[in-house]
Amino acid sequence: MPERMALNRGALDLDSLNPEQRAAVTHTEGPLLVLAGAGSGKTRVITTRIAYLILHKRVPAPAVLAVTFTNKAAREMAERVAGQVKGTEGGARGGPLISTFHAFGARLLREHITLLGYRPNFVIFDAQEQFAVVKSILEDGAYDEALFSAKSAFFALQQAKGKGLTAQELRTRRGDPAELALGAILDEYEQALKRMNAVDFEDILRLSLRLCREFPAETRPFLERFRYVMVDEYQDTNRCQFDLLKALAGGRRNVCVVGDDDQSIYRWRGAEPGNILDFERVFPGCRTIRLERNYRSTDTILAAANQVIRHNAARKEKTLRGHRGPGRPLEWLLGEDEHDELTKVVAHLRRTLLQDGGHPGDAAILYRSNHQSRAIEENLREEGLPYTLVGGTRFFDRKEVRDALAYLRVIAAPSDEVSLFRILNFPRRGIGRTSQAKLSEYAARQHRPCIDVLREASRFQDFTGPVARSMETFAALIGRFRERFAHEPLPAAFRALMAELDFHRAVEKERADPKSGEKAAGLIVELERTLDYFARTRPEAGLKELLDHVALMAMPEQEEADSRPRAITLSTVHAAKGLEFPYVYLVGLADEVFPHKRSLAEGGEDEERRLFYVAVTRAQRQLVLSMARQRRRYGETLRQQPSRFLLEIEARLFEGESPQGDYVGGAPVKARRTEEAKGRFLERIKGMGEGRG
DNA sequence: CACACGCTAATTTTT
DNA sequence: TTAGCGTGTG
């Protein structure tokens, strides 16, 4: 908290930084590696460093580039930098570029993608669209079904692309049937995307890199604009991003990367924390600064975090040092079953907030896997406590929203045939599966885009009268709205489109349950309002920009009255990275749940441990850990053992019972009695809480 | 083309 | 257990 206040004063306040932080801020020339432990103020270091460059070093703000992984982080960083340079001369000249790797790449591609043989109007395919392509490849092609399900093929393909493997390499590398097939699938996949003038997320990075390498004359002016480059969450970069960073660094090598190998939790997605070690090799003479002073958590919480993470062998040795004193002990809650566990958690939470005068927004309940949120939600609803769920199905992933957006995508780029087939018969217009198959086959045979065939459908024998007419009407509609979107304001054209399609009614009719139909239609209204907001905040932007933003999830969020959440945060540990809360409840801590069984099977114990470390270090004041003695899974009842990570924490850090007891034959008698006593106590307290509302 | 039944799989997912 | 998907039927 004291850090925030210092920032808001506007002027640059180097005195309030600790020596390491200050060193990181003022080391501006040449490569710099900042190893920033959890809660060591790394965001502050980055933003202050940007401000320092602009205000003290007189670097023009647009010459500064900061790369983050999430739009949220980018937005936050931009806000904080703006606060620091606001009203100063340096801040008046246009800001630094703060962007995700992907948004940065997309920008480069928008400028120069024609150099790589794409047409200018390329579209970005997200995971769902990629999956649709893979699926259709498997359906059409003669692939051994035992080798790949659509899902596993999609997964393998993503992994391969993330590692930068080409179809060629896959086919020749090992020669085993799975890799051979995967190579062929990747080949077809890339052809399909190229044909549709589409790129996926990995392509954004790969093609950007190709542009930098193969067309230096064209890209250099843009790249050289950035004299100072910073990367946040550096441990999460994959190979391609690292290469891109090297290209960006150029000869100046004014690169500052900030990361923590202990918080690398996305290796399964292609992140290479080894890039941290490579940084010192690729940028020789680099300065390395460790930030180990933690400003977030109590010493007790930090001790627990340190004790656990110590068990990982391959890591850069770091020990978080706190300065807030021991604070409260950890607490261990043990439930008979999941419901019992959560009842105890919620009772504890209620009591704590009551005692401390805390706010529900100060607390978070964290868990390993998404499905665990359901039981928690039920419990909180029973108790009438407010909560917000982080993650889950996002707005832009909702079926109805995707359907509406698919129209926009086809209008912007009719070559996007994934979207085209998505909407061809929605709302219903009598172009069924058979007609669609005919269309796709015919277009392929003629080497013509589907939209052309649709436009002149009645000229081809393959389609019967009504179907052909329907196809032409559809093509005409797309053409008409192409015009309208070119000339009318985005929200107006969109509303006209929805009205003409009678989209609301189609969406409602699709659901059997009228309640859920109404809800679904409500999403479309929400989408309309989102477009209003987009048009208002970015008046110069057109359809293309809108779609890029949606694809990169960079949609500006709706104005929030209060940036501090008013409700208890429910989140997976992954999604909670970068967040902090006074009270953290880490639930479902049974072995094989966390660490997850499947992850263990794949040799991922260390990554699970890092995940646990991330979870523990979210807590500022109090950490409560919990588990259910038994759990129902797929109908059967399982006994559970405490997570192995809990056993790595000294018992003395806990108040009362600790997880180190004997659980094999049921709990020790003493533990059981304590639990009951505690339960009664909590019940009493709970009543008090309700009494006051 | 809509609905119903049966099979399968069940981690995490910044873009 | 359950949700989501694919296949088969009316």
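Keep in mind that the numbers below use all heavy atoms, side chains included, and drop hydrogens, waters and symmetry copies. Order of the sequence lines sets the chain letters (A, B, ...), proteins ahead of strands, with each chain counted from 1.
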Note to self: Please identify the 5'-most and 3'-most nucleotides of DNA chain B with any atom under 4.0 angstrom from a heavy atom of chain A.
What the structure shows: dC1(B) to dT15(B)

Notebook entry, point to check: With a 6.0 Å cut-off on ring centres, are Phe421(A) and Phe426(A) close enough?
Noted result: no

Margin query: Could you check, using the six-membered ring where one of them is a Trp, whether Tyr189(A) and Phe125(A) have ring centers closer than 6.0 angstrom?
Written below: no

Check: Got a sec? Which of residues 262-269 of chain A come in under 4.0 Å of DNA chain B, heavy atoms?
Finding: Tyr266(A), Trp268(A), Arg269(A)

By the 4.0 Å heavy-atom rule, please label [X] as base, sugar-phosphate, or nothing.
X: Asn425(A); value: sugar-phosphate
X: Asp126(A); value: nothing
X: Glu602(A); value: base

Pairing residues for [X] by the side chain to side chain donor-acceptor pair (under 3.5 Å) criterion, not counting sequence neighbours:
X: Glu400(A); value: Arg511(A)
X: Glu338(A); value: none
X: Arg110(A); value: Asp548(A)

Next item on the list: Heavy atoms under 4.0 Å is the rule here; annotate nucleotides 2-8 of chain C 5' to 3' with B where the base is hit, S where only the sugar-phosphate is, and - elsewhere.
Entry: ----S--

Item checked: Side-chain touch Asp340(A)/Leu342(A), heavy atoms, less than 4.5 angstrom -> no

Margin query: Taking the P atom in each of dT11(B) and dG4(C), what is the distance between them to the nearest angstrom?
Written below: 14 Å

Checklist line | Separation of the C1' atoms in dC5(C) and dT12(B), to the nearest angstrom | finding: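 Those two atoms are separated by 23 Å.
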
Next item on the list: Heavy atoms only: give me the nearest Arg409(A)-Val123(A) pair and the separation to one decimal.
Entry: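 Nearest pair, atom of Arg409(A) first, then Val123(A): NH2-CB, 4.0 Å.
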
Check: So, does Thr617(A) use its side chain to make a donor-acceptor pair with the main chain of Val614(A) at under 3.5 Å?
Finding: yes

Notebook entry, point to check: What is the distance from atom CZ of Phe594(A) to atom CG of Leu625(A), rounded to the nearest 0.5 Å?
Noted result: 10.5 Å

Next item on the list: Calculate, to the nearest 0.5 Å, the distance between atoms CD and CG belonging to Gln263(A) and Asp236(A) respectively.
Entry: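 Output value for this atom pair is 9.0 Å.
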
Check: Does the ring of Phe242(A) carry Lys246(A) above it, NZ/CZ under 6.0 angstrom from centre and within 45° of its axis?
Finding: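 Yes; both conditions hold, so Lys246(A) lies above the ring face of Phe242(A).
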
Next item on the list: Hey, which sits more toward the 5' end of DNA chain B by its nearest nucleotide, His102(A) or Ile431(A)?
Entry: Ile431(A)

Next item on the list: Starting from the 5' end of DNA chain B, give me the residue, Arg428(A) or His596(A), whose nearest nucleotide shows up first.
Entry: Arg428(A)

